[in-house]
Student: 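Here it is: the structure, laid out below.
This one's a predicted model, so the numbers in the text were calculated from it and none came from an experiment. Numbers restart at 1 for each chain; the letters A, B, ... are given by sequence-line order, proteins then strands.
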Protein chains: 2
Amino acid sequence: MYERFFQKLNESVDLTSAEKEIITHHLQPKRLRKKQYLLQAGDVCKAIAFVEKGALREYSVDENGNEHVLQFALEGWLISDLYSFITGEPATYNIDALDDCELVLLTKSAQDEILKKVPKFETYTSMQITGAYLAMQKRVNAMISLSPEQRYQNFINLYPNIARRVPQHMVASYLGLSPETLSRIRKRIATAR
Amino acid sequence: MYERFFQKLNESVDLTSAEKEIITHHLQPKRLRKKQYLLQAGDVCKAIAFVEKGALREYSVDENGNEHVLQFALEGWLISDLYSFITGEPATYNIDALDDCELVLLTKSAQDEILKKVPKFETYTSMQITGAYLAMQKRVNAMISLSPEQRYQNFINLYPNIARRVPQHMVASYLGLSPETLSRIRKRIATAR
DNA sequence: AAAAAGCATTGATTTAAATCAATCGTTCGG
DNA sequence: CCGAACGATTGATTTAAATCAATGCTTTTT
């Protein structure tokens with residue numbers, strides 16, 4: 001159980017099987033059907049979710065009711081509203097399943113317990129957050145310095161698997177474009193070769 | 001010496017004066033004149049800089065030679081090309097001084113030494129990186145979900161002191177707008193009241 | 001003190017993306 | 001299996017930002 005989770009964890013930290021045991025004990029599995037919410041804006045984010053299987057999206061809803069995709073998560077990724085998770089404030093983002101999902105949940109108290117018993121776990125956490133920060137920074141840089149077409153090219157180079165698995169209009173949203181514009185960009189790219 | 005640095009550090013971690021002593025020993029002060037580089041793209045980022053006094057900007061240069069401001073740093077902020085710092089790869093961003101600056105530098109080896117001798121320091125580091133991640137995430141959300149005018153309003157609410165101290169065209173760049181557009185947005189806002 | 005550089009503003013024009021609208025194919029649910 | 005919802009595409013139009021260009025003001029530099 002939790003194969004992918006431990007596989008990923010292993011990339012950051014070496015663990016004895018006793019330590020794995022302890023960690024396993026604090027995790028909980030969760031299944032989600034396509035379209036179900038993992039988190040709704042307004043609720044408190046009680047857990048960080050690791051994706052064993054499936055795909056999810058995190059998004060905000062603006063004053064006009066339009067959705068804006070902040071993040072995708074496929075197998076091996078973590079997803080949460082981290083601010084809400086840390087502070088206990090209501091979440092500002094929604095998270096829902098794009099496919100049937102198998103998740104591994106890590107609650108705040110579980111995290112505290114694990115850190116107490118397996119301090120090495122901290123390494124995993126901080127590597128994850130550092131990676132997430134660097135990725136966000138790159139994305140901001142792309143937003144302010146690349147054309148929409150370049151951003152899309154960049155996106156499919158970086159995340160070809162996401163591009164394959166999620167509806168195109170969500171990719172458009174992630175890139176800050178209208179679905180029509182992305183469709184035309186793709187057409188332009190396709191005919192240009 | 002390093003007043004602001006320790007003041008900030010104190011907000012995350014309680015330190016004995018012995019511990020402060022140890023840390024001080026590993027820091028180095030650096031002065032920078034206005035317009036001087038702290039880091040140039042292509043060089044390796046050897047240190048994380050804490051701003052005791054002054055203002056800096058971090059920016060990328062695109063294929064057309066246009067500069068795009070990724071970040072500002074005023075008193076109390078940290079600035080670096082974190083990816084380059086961690087990996088030792090050449091930096092992709094430039095950092096220069098917008099005013100005469102007094103900085104506190106923390107090199108990789110200094111960080112390692114401090115962490116060895118004062119493990120609590122890790123708390124500071126991870127709080128900083130978490131805060132930086134959350135800020136970046138908010139910025140991405142603003143980029144994909146707010147109008148240019150809303151983004152500017154949001155910016156001056158969030159960072160009134162930056163808006164006061166840096167040239168307007170750099171704020172425009174930070175927001176992903178042309179200087180002319182920001183000028184017109186400000187005019188619109190001013191006359192609308 | 002004069003010259004130059006940097007910066008913000010304003011106007012005119014161009015350009016690209018958003019929006020509005022319709023169609024077509026696919027998949028999903030009853 | 002059929003109807004409805006969803007998604008992608010395409011065309012026509014509107015809208016907003018970028019670009020080009022000029023001016024005036026302020027701050028630096030010589």
Student: To the nearest 10°, let me know how far the axis at one end of the helix from C/dA1-D/dT30 to C/dG30-D/dC1 is tilted from the axis at the other, five pairs an end.
Tutor: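 Terminal axis comparison yields 50°.
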Student: Taking the nucleotide of DNA chain D with the closest heavy atom to each, which residue, B/Leu182 or B/Lys35, is nearer the 5' end?
Tutor: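 That would be B/Leu182.
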Student: Answer yes or no on whether A/Lys8 is positioned over the face of A/Phe50, meaning its NZ or CZ is under 6.0 Å from the six-membered ring centre and within 45° of the axis.
Tutor: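 Ring-cation test returns no.
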Student: For B/Tyr174, does the six-membered ring have the charged nitrogen or CZ of B/Arg151 within the cation-pi criterion, i.e. under 6.0 angstrom from the centroid and within 45° of the normal?
Tutor: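 Here B/Arg151 fails the 6.0 Å and 45° test against B/Tyr174.
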Student: Will you find, in the side chains of A/Asn141 and B/His68, an N or O donor that is under 3.5 Å from an N or O acceptor?
Tutor: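 No.
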Student: Between A/Arg31, A/Lys30, A/Lys53, A/Arg4, which is the residue that forms a salt bridge (charged side-chain N to carboxylate O under 4.0 Å, His left out) with A/Glu102?
Tutor: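 Only one option passes, and that is A/Arg31.
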Student: Check whether any side-chain N or O of A/Lys187 sits under 4.0 Å from OP1 or OP2 of D/dT9, and answer yes or no.
Tutor: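 Checking D/dT9 against A/Lys187, no side-chain N or O comes under 4.0 Å of OP1 or OP2.
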Student: For A/Lys108, look at atom NZ and say whether over 12 heavy atoms of other residues, nucleotides or ligands are found less than 6.0 Å away.
Tutor: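 Yes, because the 6.0 Å sphere around NZ of A/Lys108 holds more than 12 heavy atoms from other groups.
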Student: Among the nucleotides D/dA12, C/dA17, D/dT9, which one has an atom lying closest to any side-chain atom of A/Arg184?
Tutor: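 My answer, after comparing the listed nucleotides, is D/dA12.
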Student: Between side-chain atoms of residues 125-132 of chain B and protein atoms elsewhere (two or more places apart, or another chain), which donor-acceptor pairs fall under 3.5 Å?
Tutor:
residue: B/Thr125; atom: OG1; partner: B/Phe121; partner atom: O; Å: 3.2
residue: B/Ser126; atom: OG; partner: B/Glu122; partner atom: O; Å: 3.3
residue: B/Ser126; atom: OG; partner: B/Thr123; partner atom: O; Å: 3.3
residue: B/Thr130; atom: OG1; partner: B/Ser126; partner atom: O; Å: 2.7

Student: Should the side chain of B/Arg33 and the base of D/dT28 be counted as holding a donor-acceptor pair, with the cut-off at 3.5 Å?
Tutor: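 Answer is no: no donor-acceptor pair is held.
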Student: Assess the pair A/Tyr93 and A/Tyr59: is the distance between their ring centroids shorter than 6.0 Å?
Tutor: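 They do not qualify: ring centres at least 6.0 Å apart.
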Student: Residues from residues 167-181 of chain B sitting under 4.0 Å of DNA chain C, heavy atoms only?
Tutor: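 Contacts with DNA chain C under 4.0 Å: B/Pro167, B/Gln168, B/His169, B/Glu180.
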Student: Rounded to the nearest Å, what distance is computed from the CD atom of residue B/Glu149 to the P atom of nucleotide D/dT15?
Tutor: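 Interatomic distance, CD of B/Glu149 to P of D/dT15: 17 Å.
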Student: In this structure, are over 12 heavy atoms from other groups packed under 6.0 Å from A/Lys20 atom NZ?
Tutor: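 For A/Lys20, atom NZ is crowded (more than 12 foreign heavy atoms under 6.0 Å).
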